[in-house]
Colleague: 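Take a look at the following structure, please.
A quick note: this is a predicted structure, and the numbers were derived from the prediction, not measured. Values below: all heavy atoms of this structure, side chains included; hydrogens, waters and symmetry mates excluded. Below, read A as the first sequence line, B as the second, and so on, with proteins coming before strands; counting in each chain starts at 1.
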Amino acid sequence: MLAFDFFGATEGGLFDINATLPLMAIQVVALTYILNSLFFKPVGKVVEKRENFVSNNIIEAKNKLSEVEKLEADLLSQLQSARSEAQKIVSEAENESDKLYKEALELANNEANASKEKARLEIENQTSSARDQLFKQADELSELIVNRLILEK
Amino acid sequence: MFFNSLPTNFAALEVGQHLYWQIGNIRLHGQVFLTSWILLGALLVFISLGTKKMENDPKGLQNLLEFLWDYIRDLARTQIGEKVYRDWMPFIGTLFLFVFISNWGGALIPWKLIKLPSGELGAPTADINTTIALALLVSLSYFYAGLSNKGWRYFEYYVHPTPIMLPFKILEDFTKPLSLSFRLFGNILADELVVGVLVFLVPLVLPIPVMFLGLFTSAIQALIFATLAAYYIGEAVEEHH
């Protein structure tokens, strides 16, 4: 035991170190265990449970958000490809109809030309046959006229 | 001595007087235990009220206790480090709470109204026995923390970064508890003395700002004590590479 005669105190003094020291140490150690079971553990459990809950929710929300973003990108690309597909189909159909139109036009033109040619040939034939007949009749007529003239005389 | 030459009613301060309890042939400072039991009882009642019905959405006292818990966890985590702070958080928290309620209890509760046969009630931390007990517990803790975490490699700390540090590091093991205990003891005792002397000289108004300063010092001392204890433990468990 240390005991200084300090500040005129007859007994003890400011630096009077005695069994208070170890007993106080034991009391503080006991207090540590009591506070651990009464305060630090239960409060820690509640606080950490809540922190886990919050961080889990945040993680879940982040996952959902990324899923939504992925789906959105997926849909967007699908939309894009559908659009380009439609464009392709439309242009193909346009080409097709264009080709068909041209073909039909050519066919009609050809047919018209052919029938025109045929008609021209027929006209020519009939003209020549009519002319032949005319010549023949003219010959006959002239022969008839000649014969009559000869007979009259 | 000096104090004997002052007027007799100055004895109201009763510096260095103790209420002795004799148990067998050991002697105790009864006033220290009395005040600490009252304050610890109040603390335990407060805590058991606050933790009686813990809810996920904290209300009232539970809010305050959770704030306190969070504050202590941050203190322990920043000083000791992520890996082992959980083991030491109750000890650091107990030191903080004990020193804090002792300091504030000593300053806020009008103990002078209770007359003792010898000595007077006051902050338990204004007694050198209490502060040395706390400081020695801190010393034991950081040795234990270092040895249990790193085994004999703990003593590498003494020659880190160079063996020249060895004598200084050994000296530090003595200066750490010394400075811890005397800083707390000196601050709290000085605060009590200053308030006591001022109240004795000018009983009205003038002591009030000094009392507020005393409350501030008391809170800061509790924080310093807990932070340093955590820092010493953190230093002992830190891995050197």
Colleague: Tell me, for B/L43 versus chain A, whether the close heavy atoms (under 4.5 Å) come from the side chain, the backbone, both or neither.
Modeller: side chain
Colleague: Ignoring hydrogens, what is the shortest heavy-atom contact between B/A133 and A/A25? Give both atom names and the distance.
Modeller: CB-N, 3.7 Å
Colleague: Less than 4.5 Å apart, side chain to side chain, heavy atoms only: is that true for B/L68 and A/V43?
Modeller: no
Colleague: Answer yes or no: are there more than 12 heavy-atom neighbours, outside A/Q133 itself, under 6.0 Å from its atom CD?
Modeller: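 No - once you tally the heavy atoms of other residues, nucleotides and ligands closer than 6.0 Å, there are 12 at most.
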Colleague: For A/E103, does the CD atom have more than 12 heavy-atom neighbours from other residues, nucleotides or ligands under 6.0 Å away?
Modeller: yes
Colleague: Measure the spacing between CG of A/D16 and OH of B/Y20 and express it to the nearest 0.5 Å.
Modeller: 3.5 Å
Colleague: Can you say whether B/Q62 sits under 4.5 Å from chain A via the side chain, the backbone, both, or neither, judging by heavy atoms?
Modeller: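 Side chain only.
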Colleague: So what's closer than 4.5 Å to chain A heavy atoms on B/F182: side chain, backbone, both or neither?
Modeller: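 The side chain, not the backbone.
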Colleague: Quick one: closest heavy-atom pair of A/P42 and B/M54, and the distance?
Modeller: O-CE, 3.6 Å
Colleague: Can you tell me which of A/N36, A/L31, A/V46, A/T20 forms the most heavy-atom pairs within a distance under 4.5 Å of chain B?
Modeller: A/T20
Colleague: When only pairs under 4.5 Å are counted, which of A/E51, A/K41, A/K49 shares the most heavy-atom pairs with chain B?
Modeller: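 Most heavy-atom pairs under 4.5 Å with chain B: A/E51.
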Colleague: Is B/I26 close to A/N18 at the side-chain level, that is, under 4.5 Å between some pair of heavy atoms?
Modeller: no
Colleague: Should we count OH of B/Y231 as having more than 12 external heavy atoms under 6.0 Å?
Modeller: no
Colleague: CD1/A/I34 to CG/B/L40 distance, rounded to the nearest 0.5 angstrom?
Modeller: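 Here the rounded value is 8.5 Å.
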Colleague: Quick check: are there more than 12 heavy atoms from other residues, nucleotides or ligands sitting under 6.0 Å from CD of A/E122?
Modeller: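 Open: at most 12 neighbouring heavy atoms sit under 6.0 Å from CD of A/E122.
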Colleague: Which of the residues A/I26, A/L35, A/V29 is involved in the greatest number of heavy-atom pairs with chain B at under 4.5 angstrom?
Modeller: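 Looking at each of A/I26, A/L35, A/V29 in turn, A/L35 comes out on top.
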Colleague: Which atom names give the shortest non-hydrogen contact between B/I47 and A/F39, and what distance separates them?
Modeller: CG2-CB, 3.8 Å
Colleague: State the CG-CD distance between A/L14 and B/Q17, to the nearest 0.5 angstrom.
Modeller: 10.5 Å
Colleague: Under 4.5 Å heavy-atom distance to chain A, tell me which part of B/L136 shows up: side chain, backbone, both or neither.
Modeller: side chain
Colleague: Are more than 12 heavy atoms from other residues, nucleotides or ligands located less than 6.0 Å from atom CD of B/Q22?
Modeller: yes
Colleague: Please determine whether side-chain contact (heavy atoms from CB on, under 4.5 Å) holds for the pair A/L38 and B/T51, giving the CA-CA distance in whole Å, both sets of side-chain angles, and the decisive distance to 0.1 Å.
Modeller: CA-CA 8 Å; A/L38 277 185; B/T51 53; 5.5 Å; no
Colleague: May I ask you to decide if A/A19's main-chain N or O and B/N129's side chain share a donor-acceptor pair within less than 3.5 Å?
Modeller: no
Colleague: Name the member of B/I128, B/L28, B/T131 that forms the most heavy-atom pairs with chain A at distances under 4.5 Å.
Modeller: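 That would be B/L28.
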Colleague: Measuring from atom CG of B/L137 to atom CE of A/M24, what distance do you get when rounded to the nearest 0.5 angstrom?
Modeller: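 One gets 11.0 Å once the value is rounded to the nearest 0.5 Å.
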Colleague: Counting neighbours of CG on A/N56 that are heavy atoms of other residues, nucleotides or ligands and sit closer than 6.0 Å, is the number greater than 12?
Modeller: yes
